[in-house]
Amino acid sequence: LTLYKSYGYLGGVLYLQLYIWIIFPQIFTTLQLLFGGDSQVLDSQENLNAFRSLLFVVAPIGYIYIFAAWNGFTSLTDLTIAWRLLWVGPWLFMNTKTSSPLEKSAALVIASLDVGLPVLCIFTCWNTAIGIPRRLIEHFSNSPIYKSRELLMWIGRIGFVFVLLISLDVLLVDKQTYLQSFIVSVVGCYYMFYDWLAKSKEPRALYFTAFVELVLIAHIFIDLYFFKYTAAVKMEAVLALTIISTLLHLYTVCWDYFVNIQGMSYSMWSGIICFIVAVISTIWTLFMPFFHEKAQEISPNQHRFDLMFGFFVFLVCSLMDLVKVKTPFHAGCNAWFLPLALLWYSSEVKMMINNNFGSPYHPSWIVRNITTEKYSGNFVADLTNSFITVMTSVVGATYGAVIILLYLEPKGWTWLTWNGMLLIAVSAIYMLAFGSGIASFTEDGFPPAIPVLFPLDGKDLLGAIESHVRDLIIGMISIIAGISLNTIAKNSTQPMVYLIALSWIFLIVPKIFLSFTDVELV
């Protein structure tokens with residue numbers, strides 16, 4: 001077993017020294033000569049960039065090998081041997097048999113590290129290596145001990161399938177360039193590692209997971225924008241998946257610790273996340289003078305929306321504290337999802353604004369000449385922005401409203417709170433019907449759109465948005481007033497009926513007369 005562990009250290013060192021190869025690629029070409037290769041293969045800048053891209057994705061795997069050996073995680077060392085033989089090896093072979101110009105000499109150099117070492121390990125540590133299948137089966141039969149680990153398990157499995165499909169697409173469909181599909185396929189090793197970590201009961205694994213996730217994001221980013229990886233759209237998709245999965249996992253780790261273990265209330269949890277979003281949004285707005293002209297115009301409105309929607313999320317999660325006794329599952333799902341959606345959505349929109357991208361879910365941008373395009377022209381940006389917008393404003397907000405309307409018992413001034421949530425829900429439905437509908441996520445029409453039922457022209461659309469903002473403010477004031485007055489004026493509810501009636505007048509009348517009045521641009 002000691003010798004078996006030594007192979008883990010050796011693999012880690014071999015992988016980490018690939019950073020040196022990135023700086024001095026001549027080492028690789030020299031090794032190629034030993035197998036009869038061409039010493040000039042990396043003279044092409046495109047091939048050199050591809051080679052460095054591969055090494056930059058592969059090198060951090062060395063941390064995983066050393067982590068396994070240092071902590072005595074035999075099943076993780078088993079997994080590293082399995083993926084080199086059953087995943088890396090076949091992809092390396094396929095890259096030599098397709099139109100990808102990967103020479104056999106180069107493949108042999110890579111295989112001597114990726115495949116040769118585990119084969120040597122099996123032969124020299126046969127008594128330990130023969131137990132690899134049994135130990136892996138035992139490990140992956142474990143159940144995740146926390147929700148965050150369960151989420152990581154699904155991230156690992158879904159991510160692996162995603163990388164497999166992208167790798168096949170690059171291998172079989174795209175015009176091949178040097179090492180192209182092999183670079184993508186290597187990312188699959190990380191997702192297999194995430195699946196292993198999800199089944200581990202070691203607390204040390206948690207911190208190392210975060211480290212690996214952040215390192216992988218940084219390395220893929222550098223591959224794309226410094227080494228100019230050629231199948232950029234495909235690797236951008238992998239990068240987006242990695243960023244989103246990391247956000248989901250780390251967010252849920254914190255949720256597990258503070259809410260599930262420490263017993264933090266939903267209102268406190270959402271308040272912390274909303275405060276973080278507010279700080280980020282404020283800092284972003286302070287840099288407004290350095291933005292392009294159109295971004296300077298829209299950023300104050302986006303900052304206002306971040307603050308307002310953040311406050312709405314806080315109110316909804318606070319109400320979930322009141323109904324969680326009746327429906328713990330739905331209350332927990334809302335309190336987990338809405339702050340996460342706020343954090344993701346706020347970041348996504350800032351990226352769209354700074355890059356001057358269009359969005360089908362912000363039709364006012366075109367009306368106000370912020371952008372001339374409905375979509376960004378970037379498939380990944382369109383997909384992720386549209387997805388989180390729908391999940392936040394359509395699915396998440398509606399789900400939260402339905403749970404509150406079903407489980408919050410309206411009595412006394414609580415009727416005002418209940419009515420405030422109903423106001424916001426009705427106003428949101430109005431905006432879907434008259435404002436944006438549910439557009440296709442991407443420019444090529446995927447998935448099919450649910451069109452606007454009653455389209456408004458530019459002037460009336462801006463008026464509808466302004467009216468919707470007022471509705472949100474009135475609804476949130478109603479929610480706060482209902483909770484507060486139910487405590488301080490419990491026995492004096494007579495004005496409540498008039499307040500509820502007045503709120504509906506403010507909701508309905510502006511929408512009826514919207515097309516017949518002058519509208520101030522927002």
Is a donor on one side and an acceptor on the other found under 3.5 Å between the side chain of N71 and the backbone of F73?
no

Which heavy atom in T74 sits nearest to a heavy atom in Y4, and how many Å separate them?
CG2-CE2, 3.9 Å

Is the shortest heavy-atom distance from the side chain of F291 to the side chain of I353 under 4.5 Å?
no

With sequence neighbours left out, what residues match H362 under ring-ring contact (aromatic ring centres under 6.0 Å, His included)?
W365

Applying salt bridge (Lys or Arg N to Asp or Glu O under 4.0 Å), name anything that partners D471, two or more places apart in sequence or on another chain.
K511

Judged by modelled atom types alone, do E348 and T384 share a side-chain donor-acceptor pair under 3.5 Å?
yes

Measure from the side-chain N and O atoms of S440 to the backbone N and O of T442, and report whether any donor-acceptor pair falls under 3.5 Å.
no

So F67 and F208, would you call those rings parallel, tilted or perpendicular, with 30° and 60° as cut-offs?
parallel

Across all chains, not counting sequence neighbours, the ring-ring contact (aromatic ring centres under 6.0 Å, His included) partners of F287 are none

Once salt bridge (charged side-chain N to carboxylate O under 4.0 Å, His left out) is applied, what residue pairs with a partner in residues 400-409 remain, sequence neighbours excluded?
K326-E409

Contacts of W269 that satisfy side chain to side chain donor-acceptor pair (under 3.5 Å) - sequence neighbours left out:
Y251

Donor-acceptor pair between N419 and S478 side chains, under 3.5 angstrom
no

Can you find a pair of side-chain heavy atoms, one from F275 and one from I280, that are under 4.5 Å apart?
no

Any side-chain donor near an acceptor of the partner, W196 and H139, under 3.5 Å:
yes

Can you give the donor-acceptor pairs under 3.5 Å from side chains of residues 79-89 to other protein atoms, not counting sequence neighbours?
unit_1	atom_1	unit_2	atom_2	d
T80	OG1	T77	O	2.7
W83	NE1	Y65	OH	3.4
R84	NE	Y65	OH	3.4
R84	NE	T80	O	3.0
W87	NE1	S185	O	2.8

I'd like to know if the side chain of N334 reaches the main chain of G400, judged simply by a donor and an acceptor atom lying under 3.5 Å from each other, with no hydrogens or angles considered.
yes

K350: partners by salt bridge (Lys or Arg N to Asp or Glu O under 4.0 Å), with sequence neighbours left out:
D306

Is there side-chain contact between I403 and F329, with at least one heavy-atom pair below 4.5 Å?
no

Counterpart residues, salt bridge (Lys or Arg N to Asp or Glu O under 4.0 Å), relative to E138 (two or more places apart)
R134

Output a table of donor-acceptor pairs, distance under 3.5 Å, between side-chain atoms of residues 312-321 and any protein atom two or more places apart or on a different chain; print 'none' if there are none.
unit_1	atom_1	unit_2	atom_2	d
S318	OG	F314	O	2.8
D321	OD1	Y266	N	3.1
D321	OD1	K324	NZ	3.3
D321	OD2	Y266	N	3.4
D321	OD2	S267	N	2.9
D321	OD2	S267	OG	3.2

Is the side chain of Y190 donor-acceptor paired with the backbone N or O of V57 at a distance under 3.5 Å, no angle test?
yes

Applying ring-ring contact (aromatic ring centres under 6.0 Å, His included), can you list everything that pairs with F221, at least two apart in sequence or on another chain?
Y225

Using the ring-ring contact (aromatic ring centres under 6.0 Å, His included) criterion, which residues pair with Y399? Sequence neighbours excluded.
H330

Less than 4.5 Å apart, side chain to side chain, heavy atoms only: is that true for W91 and V184?
no

Exactly one of I438, L432, V394 should register a side chain to side chain contact (heavy atoms under 4.5 Å, CB included) with I450. Which one does?
I438

Residue list, salt bridge (Lys or Arg N to Asp or Glu O under 4.0 Å) with D78, at least two apart or on another chain:
R135

Passes side chain to side chain contact (heavy atoms under 4.5 Å, CB included), N486 versus K411? Steps please.
CA-CA 9 Å; N486 202 47; K411 58 182 180 181; 5.8 Å; no

